[in-house]
Visitor: 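First, the structure itself, so that you have it in front of you.
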There are 4 protein chains.
Amino acid sequence: MKAGIIGANGYSGVELIRFLINHPNVEIEMLISHSTSGKNVKELYPHLSKVCEKPLENVDVDEVAEKVDLLFFATPSGVSQNLVPEFLDKGLTCIDLSGDFRLNDPEKYTKWYQKPAADQSYLQQAVYGLSEFYKEQIKNAKLIANPGCYPTAALLGILPAAKMGLVDLETLIIDGKSGASGAGRGVSLGSHFCEVNENVKAYKVGVHQHTPEIEQTIQSITGEQTNLSFTPHLIPMTRGIMCTVYASLKKPLSTEEAVEHYKQFYESDHFVRVREPGYWPATKEVYGSNYCDIGIVSDERTNRLMIISVIDNVVKGASGQAIQNMNLMNGWEEWTGLTLTPAYP
Amino acid sequence: MKAGIIGANGYSGVELIRFLINHPNVEIEMLISHSTSGKNVKELYPHLSKVCEKPLENVDVDEVAEKVDLLFFATPSGVSQNLVPEFLDKGLTCIDLSGDFRLNDPEKYTKWYQKPAADQSYLQQAVYGLSEFYKEQIKNAKLIANPGCYPTAALLGILPAAKMGLVDLETLIIDGKSGASGAGRGVSLGSHFCEVNENVKAYKVGVHQHTPEIEQTIQSITGEQTNLSFTPHLIPMTRGIMCTVYASLKKPLSTEEAVEHYKQFYESDHFVRVREPGYWPATKEVYGSNYCDIGIVSDERTNRLMIISVIDNVVKGASGQAIQNMNLMNGWEEWTGLTLTPAYP
Amino acid sequence: MKAGIIGANGYSGVELIRFLINHPNVEIEMLISHSTSGKNVKELYPHLSKVCEKPLENVDVDEVAEKVDLLFFATPSGVSQNLVPEFLDKGLTCIDLSGDFRLNDPEKYTKWYQKPAADQSYLQQAVYGLSEFYKEQIKNAKLIANPGCYPTAALLGILPAAKMGLVDLETLIIDGKSGASGAGRGVSLGSHFCEVNENVKAYKVGVHQHTPEIEQTIQSITGEQTNLSFTPHLIPMTRGIMCTVYASLKKPLSTEEAVEHYKQFYESDHFVRVREPGYWPATKEVYGSNYCDIGIVSDERTNRLMIISVIDNVVKGASGQAIQNMNLMNGWEEWTGLTLTPAYP
Amino acid sequence: MKAGIIGANGYSGVELIRFLINHPNVEIEMLISHSTSGKNVKELYPHLSKVCEKPLENVDVDEVAEKVDLLFFATPSGVSQNLVPEFLDKGLTCIDLSGDFRLNDPEKYTKWYQKPAADQSYLQQAVYGLSEFYKEQIKNAKLIANPGCYPTAALLGILPAAKMGLVDLETLIIDGKSGASGAGRGVSLGSHFCEVNENVKAYKVGVHQHTPEIEQTIQSITGEQTNLSFTPHLIPMTRGIMCTVYASLKKPLSTEEAVEHYKQFYESDHFVRVREPGYWPATKEVYGSNYCDIGIVSDERTNRLMIISVIDNVVKGASGQAIQNMNLMNGWEEWTGLTLTPAYP
């Protein structure tokens with residue numbers, strides 16, 4: 001299978017390269033980047049010397065369609081909505097890592113992203129690529145809306161409790177902590193080393209575009225509508241996301257019982273690891289890998305369930321999950337090309 | 001006034017030195033450290049060369065009582081409860097930076113600290129040194145229980161809303177993020193550079209000893225009892241604490257109104273700075289200083305108030321507030337010796 | 001005395017504010033910034049709330065000359081050379097933190113900075129502000145060329161050995177390590193958090209513009225011309241510079257003797273601290289302060305002297321030394337307003 | 001082939017697991033750790049959950065010899081010298097990541113390590129495992145002395161120039177910068193997060209035990225004896241080593257020529273990547289991989305060659321090179337199980 005990457009000059013793009021280069025069933029055929037076309041990817045990323053020394057090219061729809069079977073979009077929001085329809089119509093499979101096809105409701109997209117939304121008919125074709133929850137739909141999809149990094153961590157943490165009806169969804173609060181790579185390689189004061197290092201700051205409080213994505217998916221899985229609080233924080237590290245989730249229990253439940261529920265729930269999911277009672281995961285424990293690690297505490301003093309969920313935002317929160325979805329779409333084992341152990345320390 | 005520091009070999013101890021060395025009304029008379037006595041403090045901390053080159057001494061109660069008027073305890077929990085009574089009886093003023101005299105109820109201390117508590121009669125003498133809220137009591141105190149780092153940040157953020165009755169205290173959730181200096185200079189795997197760097201981890205989920213301290217103070221100020229959720233996280237930085245507070249509003253309130261309330265509330269407090277609507281503080285903005293910066297968002301989607309409060313844990317969360325309390329006790333301006341601007345970047 | 005700061009929106013600019021705001025003899029009269037004029041400095045730097053809430057203004061030479069006695073230039077290279085002459089002619093004292101007036105030879109400036117140089121007549125007026133070595137000239141200067149960060153660390157390390165003739169200057173090698181604040185607040189891929197964190201890189205190898213500044217000063221002090229190697233490295237921290245200096249000894253000399261020579265040499269210099277034999281300084285030990293700490297090793301195996309010199313690049317390497325020079329020019333104690341202890345940890 | 005790891009509880013130990021777990025020809029049969037025996041490795045390292053959940057066992061020579069063909073020693077210096085002889089005598093192949101068998105001369109070992117040395121007869125059997133330079137000897141070895149992290153980076157940088165006679169070896173200076181993982185997982189004040197973060201410090205100046213290892217290997221390759229200067233520095237990152245090498249050129253040579261020489265020299269070496277003229281490598285560009293990246297500058301002003309060499313100290317500087325040597329010993333492609341692309345960012 002021949003794959004292309006649009007937006008190959010960004011962090012998610014090169015992370016796709018890292019996984020695809022060792023994937024047994026896929027060949028990287030084209031690297032596409034509007035802003036850096038003409039250069040070799042190793043000029044922008046010397047770590048790819050001897051690994052992948054392909055040129056970055058402009059998008060030529062016909063040429064791409066001819067050379068490539070599968071296209072990854074590692075582009076900022078607002079880009080793929082204009083390109084995906086053309087490629088779908090030419091028969092390519094598309095996996096979009098941006099937010100353009102995640103929200104079913106174009107008005108919500110416009111409200112939270114402050115941009116026009118993708119065409120409704122294509123929105124309807126898109127399958128939300130949270131691999132552990134939409135396996136069957138993913139298998140038959142031509143267009144995957146790959147989940148956001150925060151939603152992946154938050155949803156893998158919340159959904160079992162939500163689906164099992166353990167918690168009152170109206171009380172749901174998600175406190176997110178992310179490394180700086182989530183904002184991409186673009187330069188801005190907000191990602192200046194001296195502004196991020198030895199610092200923690202909240203951002204987009206109450207208005208982050210991942211909020212409706214989380215709410216929509218909870219509704220899709222449970223049938224229940226919810227308005228939740230989600231507060232993202234930037235912390236001084238490169239990779240990793242932690243979501244600390246708080247929700248009131250409907251009925252008393254011990255930590256041991258909660259952990260047991262989660263273990264059973266994720267029993268057959270290769271990439272989810274549930275910690276034993278009394279242990280909570282750290283982002284470093286999934287660094288560079290496609291795992292999502294989850295710890296659970298039931299606090300009887302407050303009658304709340306606390307769920308701590310960690311991923312590597314560039315892997316399970318972006319490129320790794322995209323590969324996982326590609327595997328599912330093609331009937332390959334979902335871990336094909338993804339069996340990297342976290343690099344610790 | 002002559003001051004001594006017990007536990008001068010720890011981070012809070014040397015931070016007291018940093019402030020006292022430039023304080024116009026105080027002289028550092030003795031540095032006391034059981035474990036490193038005999039050494040000069042500059043051997044342990046070369047940054048103090050030419051600044052403070054005093055020896056570290058053993059505790060000799062009579063000698064200390066003779067030389068010193070005021071004693072700071074920068075010791076781990078369980079130490080000051082045995083020493084403070086003797087020094088109080090000899091007429092010294094004591095400011096205890098540990099948790100030993102913070103909880104009124106000895107049973108709570110024993111439950112959360114898992115140690116025997118201080119003698120009840122001395123617990124009753126202790127004044128909780130949250131400077132902005134107990135000014136009058138502090139002025140007349142002989143023994144100050146200096147607040148913990150998380151409680152200082154959390155309480156300065158919550159108490160105005162709690163006192164004004166804006167929020168439902170039963171819904172209170174505090175998500176804390178701290179740098180590694182909060183755990184002190186003692187060596188352990190948990191503070192190993194390679195385990196902290198590029199990592200975030202939750203710890204003591206549901207069982208952190210600062211929880212009852214926060215609850216007790218909310219009750220002291222509002223008369224209302226509450227069981228709240230507090231989850232501390234270790235993030236890869238040295239100094240700084242952020243508390244992100246969530247609570248449901250009793251009545252609708254705009255962000256602008258909430259900010260205005262807070263501004264009025266803290267109008268005469270030198271060290272509290274309330275951000276304008278739409279701005280949230282970052283820990284770096286208080287680095288090395290005694291400020292507490294607060295940002296507020298009222299989210300009408302969820303009917304929740306979010307309060308973000310930051311301090312430097314070693315300053316306002318420990319040694320700086322201790323100096324502030326010393327100033328109040330002596331009738332000096334509360335900012336005497338504390339007018340350091342945050343070092344940015 | 002009334003002071004103004006041109007380039008008040010950069011890191012050196014706000015660091016000047018941090019020191020001047022507490023200086024007993026100076027008042028900050030004007031903050032000038034071309035690119036951000038019209039804003040209040042606290043909008044760009046919330047850490048200055050309640051500390052310094054002045055507007056940033058455009059440069060109006062007449063207005064500035066009327067209001068201000070002393071002007072600090074915290075501007076990128078190429079700016080002050082055009083403004084300083086006007087202000088000097090109007091009788092103001094100027095302290096230039098940029099490189100524009102450091103090199104006596106305009107051709108060297110043009111070669112290393114790749115820009116036209118300042119007017120020769122003004123170059124001749126400028127006094128190189130390495131406080132410990134040019135005290136008398138500084139006292140009588142109207143224009144100070146404040147040294148670069150690397151040259152300050154390197155020269156304070158090398159000059160005693162060079163002046164005493166202990167080492168062969170033809171063998172001089174300086175390996176520099178700097179935090180990211182040295183490159184300023186401007187955004188670029190090179191200062192992106194994800195590119196700096198968990199990384200070390202050399203830059204401008206063999207062509208860094210601080211090279212001729214170091215060589216010129218060694219010649220000024222010793223009379224000897226030298227071509228030295230200087231290699232700067234960016235390491236993942238915000239503040240701090242270390243220079244590791246290597247030079248062959250002319251005659252055998254023990255570490256103890258070398259240390260003793262240095263101690264005597266700097267005996268009356270408030271801001272230089274020489275470590276005992278067997279101890280070497282770390283940048284954190286001078287963090288936020290105006291100290292330069294120096295450690296020395298004489299290695300008889302290789303017949304080389306190794307000198308390790310550390311400063312806070314924003315303080316002794318920029319704004320702190322500028323204040324020190326201002327103090328000298330005005331006959332005040334050189335440490336006035338600069339007695340901040342390093343913040344440790 | 002069945003492999004065992006002694007010292008499986010340290011950073012090099014778990015890094016061996018990371019590579020071996022995906023190695024097509026090897027099975028991890030035993031994990032041995034004296035200090036943590038009885039635990040499961042995933043208790044110490046939760047990142048290994050579902051990846052490697054083996055128990056840590058005590059050393060029982062007979063049992064190990066029966067179960068295992070190949071033994072990796074990831075132990076502190078002084079340990080393997082007592083165990084290796086027994087295992088060799090029982091027919092096992094040993095790869096020792098410690099320094100115990102690297103120095104041919106036991107007196108040198110005792111002088112630099114301040115410990116008794118291994119038995120001379122076993123020292124003579126040991127082959128120094130710098131893969132790129134001793135391929136033939138490694139193929140026939142039963143005992144590999146795997147190189148130190150600094151020597152690997154330094155030697156891969158220096159040896160081509162030394163072997164080609166380009167530089168005067170008497171002028172050789174190596175300035176090393178390392179992340180904190182090089183010191184292992186043991187707790188000490190020196191690896192406390194708050195002491196390493198925002199800090200750079202030199203250590204063991206003139207007395208680091210890797211110095212004679214570098215000198216011995218240069219002599220082995222060139223026949224020339226040399227006394228060089230090597231200064232290690234600890235910088236605030238977890239993984240990565242950079243060696244900046246300075247040496248005087250014997251004859252003028254352009255950067256382009258020098259780069260060309262190096263490219264030809266390493267033409268057939270999979271894991272060495274030479275940068276184009278004007279580019280220098282950064283440690284992040286080899287993060288998590290077995291590459292060594294090298295940049296070269298010839299500075300005609302000073303007539304010096306500067307060589308900048310970077311590796312991941314835990315991979316090419318330890319466990320990765322050990323696997324590479326295992327591959328060579330068994331006649332497998334040297335990159336078997338080692339084709340991980342650096343994780344960037």
Side-chain angles (χ1 to χ4, degrees), chain C residues 170-173 175-179 192-207 211 215 226-231 233-242 244 246 248 255 278 280-285 287 295-304 306 308 310 344-345, chain D residues 170-173 175-179 192-207 211 215 226-231 233-242 244 246 248 255 278 280-285 287 295-304 306 308 310 344-345:
Chain C
E170 278 309 303
T171 64
L172 205 52
I173 289 173
D175 191 279
K177 294 101 182 157
S178 175
H192 191 297
F193 182 83
C194 299
E195 307 284 324
V196 176
N197 187 41
E198 271 292 294
N199 202 3
V200 47
K201 47 185 159 187
Y203 60 101
K204 294 191 180 177
V205 182
V207 299
T211 312
E215 290 174 350
T226 177
N227 281 343
L228 55 82
S229 291
F230 165 55
T231 310
H233 300 78
L234 178 62
I235 61 176
M237 62 186 201
T238 298
R239 285 173 180 244
I241 275 185
M242 174 181 281
T244 309
Y246 304 85
S248 295
T255 297
W280 314 290
T283 55
K284 199 167 189 57
E285 292 163 7
Y287 195 95
I296 305 136
V297 177
S298 173
D299 181 22
E300 60 178 30
R301 282 182 72 252
T302 59
N303 195 36
R304 287 202 185 96
M306 270 101 82
I308 295 169
V310 299
Y344 196 97
Chain D
E170 278 309 302
T171 64
L172 205 53
I173 289 173
D175 191 280
K177 296 100 181 157
S178 175
H192 191 298
F193 182 83
C194 298
E195 308 283 323
V196 175
N197 187 40
E198 272 291 294
N199 201 4
V200 46
K201 46 185 159 186
Y203 61 100
K204 293 192 182 177
V205 182
V207 298
T211 311
E215 291 174 350
T226 177
N227 282 343
L228 55 82
S229 292
F230 165 55
T231 311
H233 300 78
L234 178 62
I235 62 176
M237 61 187 202
T238 299
R239 284 174 181 245
I241 275 186
M242 174 181 281
T244 309
Y246 303 85
S248 294
T255 296
W280 313 290
T283 54
K284 199 167 188 58
E285 292 162 9
Y287 195 95
I296 306 136
V297 176
S298 173
D299 181 21
E300 59 178 34
R301 284 181 72 251
T302 59
N303 195 38
R304 287 201 186 98
M306 269 102 82
I308 294 168
V310 299
Y344 195 97

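Residue numbers begin at 1 in each chain, while the letters A, B, ... track the order of the sequences. Keep in mind the model is a prediction, meaning the values are calculated, not measured.
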Visitor: So do the side chains of D:Tyr344 and C:Glu195 get within less than 4.5 Å of each other, counting heavy atoms only?
Guide: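 Yes, side chains in contact.
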
Visitor: Please report the closest heavy-atom contact between D:Met242 and C:His233, naming both atoms and the distance.
Guide: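 Scanning both residues, the minimum pair turns out to be SD-CD2, 3.5 Å.
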
Visitor: Sort D:Val200 into side chain, backbone, both or neither according to what part of it lies under 4.5 angstrom from a heavy atom of chain C.
Guide: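 Backbone plus side chain of D:Val200, per the 4.5 Å heavy-atom cut-off to chain C.
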
Visitor: If we define contacts as heavy-atom pairs under 4.5 Å, which of C:Thr226, C:Leu228, C:Asn303 has the most with chain D?
Guide: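 Among C:Thr226, C:Leu228, C:Asn303, the one with the most close pairs to chain D is C:Leu228.
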
Visitor: Would a distance-only check, ignoring hydrogens and angles, find a side-chain to backbone donor-acceptor pair under 3.5 Å from D:Thr302 to C:Asn227?
Guide: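 No, D:Thr302 side chain to C:Asn227 backbone: no donor-acceptor pair under 3.5 Å.
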
Visitor: Among the options C:Val297, C:Thr244, C:Ile308, pick out the one with the most heavy-atom pairs lying under 4.5 Å from chain D.
Guide: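 Option with the greatest count: C:Thr244.
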
Visitor: Please round to the nearest 0.5 Å and tell me the distance separating atom CD1 of C:Ile235 and atom CD1 of D:Ile235.
Guide: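 Spacing of CD1 (C:Ile235) from CD1 (D:Ile235) equals 5.5 Å.
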
Visitor: Looking at D:Asp175 and C:Asp175, what are the two nearest heavy atoms and their distance?
Guide: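 For D:Asp175 versus C:Asp175, the nearest heavy atoms are OD1-OD1, 3.0 Å.
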
Visitor: Of all the heavy-atom pairs spanning C:Cys194 and D:Lys284, show the shortest one and how long it is.
Guide: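 C:Cys194 and D:Lys284 have their closest heavy atoms at O-CE, 3.3 Å.
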
Visitor: Determine the minimum heavy-atom distance between D:Asn199 and C:Met237, stating which atoms define it.
Guide: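 Closest approach of D:Asn199 to C:Met237, heavy atoms only: N-SD, 3.6 Å.
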
Visitor: Pick whichever of C:Asp299, C:Thr283, C:Val310 has the most heavy-atom pairs under 4.5 Å with chain D.
Guide: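 Of C:Asp299, C:Thr283, C:Val310, C:Thr283 has the most heavy-atom pairs under 4.5 Å with chain D.
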
Visitor: Among D:Pro345, D:Ser229, D:Ala202, single out the residue with the greatest number of heavy-atom pairs under 4.5 Å to chain C.
Guide: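 So the answer, after comparing D:Pro345, D:Ser229, D:Ala202, is D:Ser229.
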
Visitor: What part of D:Glu170 is in contact with chain C, defined as an atom under 4.5 angstrom from a non-hydrogen atom: side chain, backbone, both or neither?
Guide: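 It is the backbone, since no side chain atom gets that close.
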
Visitor: Taking C:Lys177, C:Glu300, C:Lys201 one by one, which has the highest count of heavy-atom pairs under 4.5 Å against chain D?
Guide: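 Highest number of heavy-atom pairs under 4.5 Å: C:Lys177.
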
Visitor: Return the minimal non-hydrogen interatomic distance between D:Arg239 and C:Glu198, and the atom names on each side.
Guide: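 Scanning both residues, the minimum pair turns out to be N-OE1, 3.3 Å.
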
Visitor: Sort out for me which of C:Gly206, C:Gly295, C:Pro236 touches chain D most, counting heavy-atom pairs under 4.5 Å.
Guide: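 The option with the most such pairs is C:Pro236.
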
Visitor: So what's closer than 4.5 Å to chain C heavy atoms on D:Ile241: side chain, backbone, both or neither?
Guide: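 Neither part, no heavy atoms under 4.5 Å.
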
Visitor: Relative to chain C, which segment of D:Thr211 carries a heavy atom at a distance below 4.5 Å: side chain, backbone, both, or neither?
Guide: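 It is the side chain, since no backbone atom gets that close.
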
Visitor: Which bit of D:Asn197 comes within less than 4.5 Å of chain C, counting heavy atoms only: side chain, backbone, both or neither?
Guide: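 It is the backbone, since no side chain atom gets that close.
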
Visitor: Does any backbone or side-chain atom of D:Leu234 lie under 4.5 Å from a heavy atom of chain C? Answer side chain, backbone, both or neither.
Guide: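 Neither the backbone nor the side chain of D:Leu234 comes within 4.5 Å of chain C.
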
Visitor: I need the minimum non-hydrogen distance between C:Trp280 and D:Lys204, along with the two atoms involved.
Guide: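 Distance-wise, the nearest heavy atoms are CZ3-N, 3.5 Å.
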
Visitor: Of the backbone (N, CA, C, O) and the side chain (C-beta and beyond), which part of C:Ile296 lies under 4.5 Å from a heavy atom of chain D, both, or neither?
Guide: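 Neither part.
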
Visitor: Quick one: pull up CZ in D:Phe230 and CE in C:Met306 and give me the separation to the nearest 0.5 Å.
Guide: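 D:Phe230 CZ to C:Met306 CE: 10.5 Å, rounded to 0.5 Å.
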
Visitor: By a 4.5 Å heavy-atom criterion (distance strictly below it), what part of D:Arg304 contacts chain C: side chain, backbone, both, or neither?
Guide: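 Interface part for D:Arg304: side chain.
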
